[in-house]
Amino acid sequence: MNSEEEFYDAETGLESDDSCEVSFKDAMVFEGKQAKDGSTPQQNGVWERRKMLPADMISRNNLNMWSVLKKCIGMELSKIAMPVVFNEPLSFLQRISEYMEHTHLIHKACSLSDSIERMQVVAAFAVSAVASQWERTGKPFNPLLGETFELTREEDGYRLISEQVSHHPPVSAFHAESLKQEFEFHGTIYPKLKFWGKSVEAEPKGTMTLELLKHKEAYTWTNPMCCVHNIILGKLWIEQYGTVEILNHSTGDKCVLNFKPCGMFGKELHKVEGYIQDKSKKKHRVIYGKWTECMYSVDSKVYDSNKKAEKKAGGISKKQKQETCAEGDEADDMPDLQETVTVIPGSALLWKITPRPPHSEKMYNFTSFALTLNEMEPGMEGLLAPTDCRLRPDLKAMEDGDLAMTEKERLEDKQRAARKERSKEEEEWSTRWFQTKTNPYTGAEDWLYSGGYFERTINLSVISL
């Protein structure tokens, strides 16, 4: 068996791999040592996660965006083949796993005895889960049908598995669980991308469900809308907006968060404000901050008193408003950022964003967490399922500084051929790790983890010995 066959001959623990539409067994291998792919070599027997990508971000300066997008106005972009240069070197399944960057907040919620205190930390987690999108203007690779991604972080006490369960429409499902049976976090995402002439709007349809097992509580919410401005001309910038309602199905407590749109004057850019109420609709806490920076909690009465004092002191003068309006004639210009949150006395800090690594702008504006997602850890190659994102040759090639359009097209052609063959034989695609069931908390149809993936990994570990 040659090295290429060994690299891709991972077992899945099932009787056959033939039914899997996506498999990277026959893909070309991009050789490279850990030091070349940006990871830190082992020192004194200790392996460290990488702190940089193998190559700088591929420039988009020579791309004529308008020539690609002019026929797409008002259309759903997931059905349109886009040039690889629009992408970042991560699959959407890996992008989903970035929800777990601030898992310490879930552990914190598990440790609290008061339900209102738990809710405010869960709210901070919901905000932190979308914080990595700040300045991330690249589009993740569309997962192929059956593609998977596994992530185990023993130091953070969790493991995650995700699968692309549908291609048209694109649907991704994920399931994360505590290694100590403290929580489960799962969701289904139906991303909808639309081009509106100057901007691309992303609607992340689907429900997030967080279960705190010790407290026998379940929280559900949906993520806010995301918009990337100046697709054709000017500096790209991102805003998130919309109302996010987090419901504790056990206690009836609710948190309503308002991700504020930029607005004409740019004053509200990145701001998030909301409140926590109990089942009798009594307000207890106000949550405020910026999804790009930090979130605070304060007693609702203190917040109201502070707002009244601000209003009494006076706001922006008429002259200032006129000047601001004159400066904002171009609707899609990014407002001047004021990246500080005015802290109300008596507030408690719930969450603060982790600073980006040095030279992040040359690495697709990845966070330190995102930099590690496509990394092959020592001993991982023989255990990964052949459907794992890390084995995608087009994705790896882009990470290494190569556009790899040929590989992307080859994989997509292979997927279309497999779909055509199934249609001819009247076969239906069967998912492996997730099944459609009723979400017990929302009553809606959801893709829920059916189990077995991590047990399969354990079995392979035993076999490899």
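Along the sequence shown, the residues carry numbers beginning at 1. Worth saying up front: this structure is predicted, and the values here are computed from it rather than measured.
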Just checking, any donor-acceptor pair under 3.5 angstrom between side chains of [X] and [Y]?
X: Y241; Y: E268; value: no
X: T251; Y: R118; value: no
X: E177; Y: H186; value: no
X: S347; Y: Y288; value: yes
X: N439; Y: T209; value: yes
X: H107; Y: E182; value: yes
X: T387; Y: E147; value: no
X: T103; Y: D156; value: no

Non-hydrogen atoms of P140 and S91 that approach each other most closely: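 For P140 and S91, the tightest heavy-atom pair comes out as CB-C, 4.0 Å.
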Is it the case that over 12 heavy atoms from other parts of the model lie below 6.0 angstrom from the NE2 atom of H359?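 At most 12 heavy atoms, drawn from other residues, nucleotides or ligands, come within 6.0 Å of this atom.
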Residues, nucleotides or ligands: over 12 heavy atoms within 6.0 Å of E155 CD: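 Atom CD in E155 is packed in, count exceeds 12.
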Quick one: SG on C255 to CG on N248, what's the gap to the nearest 0.5 Å?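 The CG atom of N248 is 11.5 Å from SG of C255, to the nearest 0.5 Å.
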Under 6.0 Å between the ring centres of F185 and F125?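 That pair passes the under 6.0 Å test.
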Decide if the gap between the ring center of F174 and the ring center of Y99 is smaller than 6.0 angstrom.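 Ring-ring flag for F174/Y99: true, centres closer than 6.0 Å.
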Going through the checks in order, is the side chain to side chain contact (heavy atoms under 4.5 Å, CB included) test met by T367 and T354? CA-CA 8 Å; T367 63; T354 303; over 6 Å; no
Do the side chains of [Y] and [X] get nearer than 4.5 Å, heavy atoms only?
X: P169; Y: K192; value: yes
X: M208; Y: L210; value: no
X: V256; Y: Y275; value: yes
X: R390; Y: F149; value: yes
X: K139; Y: V228; value: no
X: M398; Y: Y364; value: yes
X: V298; Y: Y296; value: no
X: P89; Y: F366; value: yes

Before you tell me yes or no, could you show the steps for M119 and R285 under side chain to side chain contact (heavy atoms under 4.5 Å, CB included), namely the whole-Å CA-CA distance, both residues' side-chain angles and the distance that decides it to 0.1 Å? CA-CA 10 Å; M119 174 61 88; R285 307 288 294 183; over 6 Å; no
Backbone of A129 reached by a side-chain donor or acceptor of H102 within 3.5 Å: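 No, because the side chain of H102 does not come within donor-acceptor range (under 3.5 Å) of the backbone of A129.
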I'd like to know if the side chain of H249 and the backbone of Y441 have a donor-acceptor N/O pair within less than 3.5 Å.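 Here the side-chain-to-backbone pair exists.
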Please determine if E150 and R159 form a salt bridge, counting it only when a charged side-chain N lies under 4.0 Å from a carboxylate O.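 No, E150 and R159 are not salt-bridged.
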Under the criterion side chain to side chain contact (heavy atoms under 4.5 Å, CB included), I'd like the reasoning laid out for T188 against F434: C-alpha separation, chi angles, the key distance, then a yes or no. CA-CA 10 Å; T188 306; F434 292 82; over 6 Å; no
Taking it one step at a time, do R49 and E375 satisfy salt bridge (charged side-chain N to carboxylate O under 4.0 Å, His left out)? CA-CA 8 Å; R49 301 191 189 281; E375 184 176 28; 5.0 Å; no
Among R153, K51, E48, whose side chain to side chain donor-acceptor pair (under 3.5 Å) with T372 holds?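 It is R153, the one option of R153, K51, E48 that forms the side chain to side chain donor-acceptor pair (under 3.5 Å) with T372.
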How far apart are the C-alpha atoms of V122 and W221, what are their side-chain angles, what is the distance that settles it, and do they pass the side chain to side chain contact (heavy atoms under 4.5 Å, CB included) test? CA-CA 10 Å; V122 170; W221 68 90; 4.1 Å; yes
Might you work through the side-chain hydrogen bond (donor to acceptor under 3.5 Å, both in side chains) test for H229 and E239, ending with a clear yes or no? CA-CA 8 Å; H229 293 272; E239 67 171 327; 2.8 Å; yes
